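A short write-up of the structure that comes next.
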Amino acid sequence: MTSNTSPLINRNLQDNIAYLSQDCRVTGDAKGFVSIQRFLDTTLALSKQLPDDKQHVINLCSNRYLFLVVLCATIIKKHTNLLPSNRNIETQERLSQRYENTYVIHDELHKSLYGRDKISPGLFVLNLNISKIKNIKPKSEIPHIDLNQLVAISFTSGSTGNAKPNEKTWNTFVASTKINSHYMLPRVQATIQLLATVPAQHMWGLETSVFMALFANICVVDSKPLFPQDIQELLKILPAPRMMVSTPVHLRALFASNIKYPKLETVLCATSPLTQELAIQIEQIFNAELREVYGCSEIGSMAVRASAKTELWERFEGIHFDQQESNQILAHTDHVNEAATLGDFIEMQDAQHFLLKGRTDDMIDIAGKRGSLNEINKVLLSFPELIDGIVFFPPQDRPIPRLVAIVTLKTNTTKKQLADHFRRFLDPVFIPRPIIEVEKLPREDNGKLPKKVLLRFYQSLFN
Amino acid sequence: MSAQTEAEKNMAILLIEVLNLEDISAEEIDPEEQLFGDGLGLDSIDALEIALAVSQDFGVQMKAEDESTREAFATLKSLTDFVEKNKTT
């Protein structure tokens with residue numbers, strides 16, 4: 001092998017890579033642990049089943065183990081994974097128009113509490129639950145991957161489909177996982193059991209619950225439990241040492257549930273700011289250390305802090321911040337081709353440590369999903385029955401704040417129709433709630449709607 | 001729309017409070033209408049918020065793995081019935 005390649009997986013073949021919380025009919029594996037060797041055999045078998053005439057793949061598998069198998073099989077096949085930030089049908093269509101020969105792989109349409117995923121009818125679909133992974137042969141060898149191979153494209157904005165693509169080569173993931181593992185994983189010898197409450201498709205889940213399983217001593221749980229009692233029961237089954245990857249929204253629910261959890265070594269939390277109070281509470285109920293991670297979808301994880309003890313972030317070795325004239329920060333690193341303008345203002349305290357100093361105006365963060373207010377307003381303005389309106393993010397004293405829309409609609413148009421319009425284009429968390437219908441917005445004579453005036457108007461609606 | 005029972009009305013008030021649904025009134029939630037998907041259009045974070053509120057207000061723990069929880073989340077009526085049946089407080 002030349003030095004321009006690196007192995008698909010860098011672990012002992014006998015170690016475990018995943019814990020299946022139920023029998024996996026797609027691979028023929030029973031509930032329980034899956035070894036690296038078995039994973040490799042399965043992945044190579046699937047790579048031979050993939051279509052020859054395709055190039056881009058949307059991996060919608062909701063089972064984390066199957067997501068990992070599909071990801072690696074498509075990498076071996078030299079297909080590029082598209083990682084949209086939502087599962088909307090419009091997003092799939094937009095991606096397939098933008099990227100040639102796109103297809104979808106899924107493990108059955110994900111039936112969740114809140115409806116079923118849909119797949120764009122024009123796309124070629126590989127349903128693993130029907131096709132299964134066949135001819136799995138033992139003792140496969142670890143393939144090597146070209147470091148320059150484009151393995152994935154993620155999309156920056158959490159709000160709409162016209163997001164900026166971020167190209168990720170194999171080298172991006174190999175290098176970032178090494179750094180991430182150093183800063184995020186507990187220092188233990190045994191294989192660490194990792195339970196994640198976040199989806200594999202998003203950067204935070206991808207970096208931790210997917211790529212760490214390839215390069216660090218990690219065994220991932222295949223499911224994505226949501227409710228505290230589900231999480232507790234899964235953690236009880238796993239042998240120590242254990243860790244969890246989560247978000248402030250999930251952690252808040254875990255703490256509030258008042259149930260007892262097994263000890264964890266580490267809890268990793270990212271996607272939106274965690275309060276110090278909750279950080280302390282989480283350390284107590286899990287008897288664990290909490291590490292909060294700061295990142296962005298373009299670069300990935302960039303810094304870490306022990307939020308129960310300090311406000312100060314430690315920037316990862318190899319990540320650089322350049323302050324621009326606008327005071328905004330341009331982040332870059334050797335293993336990602338492009339730089340990213342951050343949505344936060346940053347104040348360096350010394351060479352490696354910094355404080356976050358508020359967000360720039362456009363970027364909003366709801367339950368860990370980042371979106372651009374500007375883009376969400378474009379979606380509002382594209383509603384044909386709209387006369388005037390604005391979506392904004394008022395200060396709210398709620399655990400999970402939501403956007404608010406104030407609108408004037410044409411006669412005989414209902415708010416429900418507008419909500420349906422939003423639903424077609426936006427991730428559910430960005431759908432404004434409430435939508436308030438008014439006769440007229442308080443615009444100034446020049447047509448402007450200053451933020452102060454808008455907020456005062458909004459408050460007056462509730463008095 | 002079918003009429004709400006007293007328990008359903010209280011649950012509707014709780015949902016509106018927990019889920020920032022101030023643009024509709026409690027009476028407007030049809031007991032038989034789908035809460036998730038195309039009905040009220042709730043999302044996964046709402047599911048977590050509802051489960052949290054239900055555990056705090058009624059002492060009922062919900063588990064996504066249980067078929068009964070999936071059924072409970074279908075409508076205002078099914079959620080109310082589920083809580084009434086399982087509540088401890």
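Note that the structure is predicted; figures quoted are calculated from it, not measured. Residue numbers begin at 1 in each chain, while the letters A, B, ... track the order of the sequences. Just so it is clear, the values below take in all heavy atoms, side chains as well, and ignore hydrogens, waters and symmetry mates.
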Compare all side-chain heavy atoms of A/R433 with those of A/F422 and state whether any distance is below 4.5 angstrom.
no
Less than 4.5 Å to any heavy atom of chain B: does that hold for the side chain of A/Q396, its backbone, both, or neither?
side chain
Is the shortest distance from a Lys or Arg side-chain nitrogen in B/E49 or A/R252 to a carboxylate oxygen in the other one below 4.0 Å?
yes
Region of A/I259 that comes under 4.5 Å of a non-hydrogen atom in chain B
side chain
Between B/L52 and chain A, with a heavy-atom cut-off of 4.5 Å, which part of the residue counts as in contact: side chain, backbone, both or neither?
side chain
Using the six-membered ring wherever Trp is involved, compare the ring planes of A/H421 and A/F383 and label them parallel, tilted or perpendicular (cut-offs 30° and 60°).
tilted
List the steps and the verdict of side-chain contact (heavy atoms from CB on, under 4.5 Å) for A/F67 and A/L206.
CA-CA 10 Å; A/F67 177 90; A/L206 188 71; 3.6 Å; yes
Toward chain B, the part of A/I436 with a non-hydrogen atom under 4.5 Å:
neither
Looking only at side chains, do A/D388 and A/T408 share a donor and an acceptor under 3.5 Å apart?
no
Measure distances from B/L19 to the heavy atoms of chain A and classify the residue's part below 4.5 Å as side chain, backbone, both or neither.
both
